[in-house]
Amino acid sequence: MKKFLVLLFISMLVLSACSSGSNSEADADTNDIKVWAWDPNFNVKAMELAKEAYKEENSELNIEIIENAQDDIIQKLNTSLSSGTTKGMPNIVLIEDYRAQSFLRSYPDMFYAVDDAINTEEFAKYKIPPTSFEGKQYGVPFDSGVAGLYVRTDYLEEAGYSSEDLQNADWEQVIEIGKAVKEATGKQMITQDPKDLGLLRMMIQTSGAWYLEEDGVTPNIANNEALKEAFRLYKEMIDADLVKPHADWSQFIASINNGDISMVPSGNWITPSIKAEASQSGKWAVAPFPKLPGMESVNASNLGGSSWYVLNIPGKEKAAEFLGKTFGAEGKFHQQFVEEIGGVGTYQPALEGDAYQAEDEFFGGQKILSDFASWTEEIPQVNYGLHTYVIEDILANEIQKYLDGENLDTVMDNAQSLAEQQAK
């Protein structure tokens, strides 16, 4: 019996050593790091640039970058983490900011805190709430979805306006200009997928509001004044025939490149798609994102964006160090990210670099990256919480009822009730 207890004790020590955190020998000896990300021309390419830059710091770290569709990454993470296994999992994974809290809250022990690898004070403030949990920082903030209002300056001029008239504007002013442009040119103001509520998402964040309370769990719809105002403004655009509907991404881009619309409210990542139509060079400008009228609101918002996370598996220290010394430190990587990919980062010290000061002739010589960088600092912080897309599925149905004539308060109350049921 005594021999059995001794063997049991030794076994427990071995298991404890194998499952221990940052001081395990397995962690120290691991030089093979796997990364999961989507979009080969943006996220994957950015990671490849970081990999090359890090060779000057540690040439012995082997970093394998594996491309997956975003939906596949979400499914694989949920399947593995819910079962408690990390077999086959990457050391680093890219997660969209809107989805991050659902993973951190559901599987807090499966992620490795990166507080020692980065200085959160050096990143855009709005990126911290969705990437942290219970006082610890888990995400290394990556790209900014900082939004702007892309406008056709030639269409504005036909109506007697210029992009200067859209500086610090609210949505009522923008709609009036959109009406004038449509009358002068016949062009509708924006294009919109009725099932995609990205526009409303951007609108409400200008006031620091979201679909959820600050706890990131409790639905906030029925008494959400910013959301009600966004609904009202959207209906005003629809009623004035300023919205050209589209059903998918290709139709969205076609409406822009074909010259069918005068404005594109979107995240900065839309820039390459707009510039794809070379014949429109010099006919575009980017104005600050419009604020909501009649309430506290700013001319800055966000659409999209993601961050890097380290899983709590062997290699986590080296993975965190790699991220901290590339995405979280000054160096050539950040300038390459701008010059070679055209992205806007959220690491604030890099925003002063030369790459951000370049004039873009497509946009009439405007320093659009410098403008986006300055707007990034003004984006209100909100807690995206757990249910962004679940609630948007509900709202997409309810907004149609409102557009068809149903009372706004009734629609909001119904959406609140449905969201509360889904959030249980």
Side-chain angles (χ1 to χ4, degrees), residues 37-46 67-75 94 96-99 142-155 174 178 181-182 185-203 230 234 237-238 240-287 289 301-306 340-344 360 362-363 368 372 388-389 392-393 395-397 399-400 403:
W38 67 89
D39 192 344
N41 296 317
F42 193 88
N43 303 314
V44 172
K45 188 172 181 179
E67 179 195 346
N68 287 275
Q70 183 181 178
D71 288 345
D72 290 341
I73 289 177
I74 295 165
Q75 181 179 3
L94 187 68
E96 187 184 31
D97 292 339
Y98 298 130
R99 301 182 187 274
F142 174 35
D143 63 316
S144 171
V146 56
L149 182 64
Y150 294 77
V151 297
R152 281 289 296 264
T153 54
D154 54 339
Y155 293 169
V174 171
V181 170
K182 185 173 185 294
T185 67
K187 306 294 184 180
Q188 289 167 291
M189 188 172 81
I190 63 172
T191 180
Q192 179 72 18
D193 180 348
K195 297 178 181 179
D196 183 352
L197 300 190
L199 175 60
L200 276 69
R201 206 185 304 163
M202 290 185 284
M203 284 178 162
Y234 183 59
M237 291 183 237
I238 293 287
D241 192 27
L242 298 180
V243 181
K244 178 181 174 64
H246 69 260
D248 55 34
W249 176 262
S250 61
Q251 290 182 12
F252 172 46
I253 299 303
S255 292
I256 299 171
N257 294 157
N258 292 341
D260 296 337
I261 55 175
S262 61
M263 304 181 193
V264 183
S266 183
N268 69 90
W269 38 261
I270 199 64
T271 298
S273 296
I274 292 177
K275 293 176 68 173
E277 182 52 60
S279 66
Q280 295 175 7
S281 180
K283 298 178 180 180
W284 285 92
V286 188
F289 195 83
S301 193
N302 178 78
L303 183 64
S306 54
E340 298 186 28
I341 300 177
V344 176
D360 194 323
F362 189 93
F363 294 94
I368 65 166
F372 278 125
T388 292
Y389 291 113
E392 285 197 350
D393 286 342
L395 292 177
N397 290 325
I399 197 171
Q400 190 58 52
L403 295 176

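Residue indices begin at 1 and follow the sequence shown.
A pairwise comparison of heavy atoms in Phe372 and Val344 identifies CB-CG2, 4.1 Å as the closest pair. Taking every heavy atom of both residues into account, Thr191 and Pro245 meet most closely at OG1-C, 4.2 Å. For the residue pair Phe362 and Ile274, the shortest heavy atom distance occurs at CZ-O, 3.4 Å. A pairwise comparison of heavy atoms in Gly198 and Asp196 identifies N-OD1, 2.9 Å as the closest pair. In terms of heavy-atom proximity, Thr185 sits nearest to Tyr155 at CG2-O, 4.0 Å. Contact detail for Ile73 and Leu94: the closest heavy-atom pair is CG2-O, 4.1 Å.
The salt bridge (Lys or Arg N to Asp or Glu O under 4.0 Å) test applied to Lys275 returns Asp360, not counting sequence neighbours. Partners of Gln188 by side chain to side chain donor-acceptor pair (under 3.5 Å), not counting sequence neighbours, listed by chain and number: Asp241. Under the rule for a side chain to side chain donor-acceptor pair (under 3.5 Å), Lys195 has no partner lying at least two apart in sequence or in another chain. Listed by chain and residue number, Arg152 satisfy the side chain to side chain donor-acceptor pair (under 3.5 Å) test with Asp154 (two or more places apart in sequence, or in another chain). For Glu392, the side chain to side chain donor-acceptor pair (under 3.5 Å) partners two or more places apart in sequence, or in a different chain, are Arg201, Tyr211.
Not one N or O on the side chain of Trp38 forms a donor-acceptor pair closer than 3.5 Å with the backbone of Asp71. A donor-acceptor contact shorter than 3.5 Å links the side chain of Asp143 to the backbone of Ser306. No donor-acceptor pair closer than 3.5 Å links the side chain of Asp97 to the backbone N or O of Arg99.
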Would you tabulate the side-chain donor-acceptor contacts of residues 255-267 under 3.5 Å, counting partners in other chains and residues two or more places apart, or write 'none'?
| unit_1 | atom_1 | unit_2 | atom_2 | d |
| --- | --- | --- | --- | --- |
| Ser255 | OG | Gln251 | O | 3.1 |
| Asn257 | ND2 | Ser273 | O | 3.2 |
| Asn258 | ND2 | Ala254 | O | 3.1 |

Start with the C-alpha distance between Gln192 and Ile238, add both sets of side-chain angles, then the distance that settles side-chain contact (heavy atoms from CB on, under 4.5 Å), and finish with yes or no.
CA-CA 10 Å; Gln192 179 72 18; Ile238 293 287; over 6 Å; no
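Taking the side chain as every heavy atom from C-beta outward, Asn302 and Phe289 never approach each other to under 4.5 Å. Side-chain contact between Val286 and Thr271 is absent, with no heavy-atom pair separated by less than 4.5 Å. Using a 4.5 Å cut-off on side-chain heavy atoms (C-beta onward), Ile270 and Phe252 make contact.
Ring geometry for Phe142 versus Phe42: interplanar angle of 30 to 60°, hence tilted.
Other residues, nucleotides and ligands contribute more than 12 heavy atoms inside 6.0 Å of the CD atom of Glu340.
The structure places NZ of Lys283 at 14.0 Å from CZ of Phe363, a figure rounded to the nearest 0.5 Å. How far OH of Tyr234 is from CE of Met203: 9.5 Å, rounded to the nearest 0.5 Å. Residue Asp193 holds its CG atom at 11.5 Å from CH2 of Trp249, rounded to the nearest 0.5 Å. The structure places OH of Tyr389 at 6.5 Å from OH of Tyr98, a figure rounded to the nearest 0.5 Å. To the nearest 0.5 Å, the span separating CD1 on Ile368 from CH2 on Trp284 amounts to 11.5 Å. Taking CG of Leu149 as the start and CD1 of Ile190 as the end, the distance is 9.5 Å to the nearest 0.5 Å.
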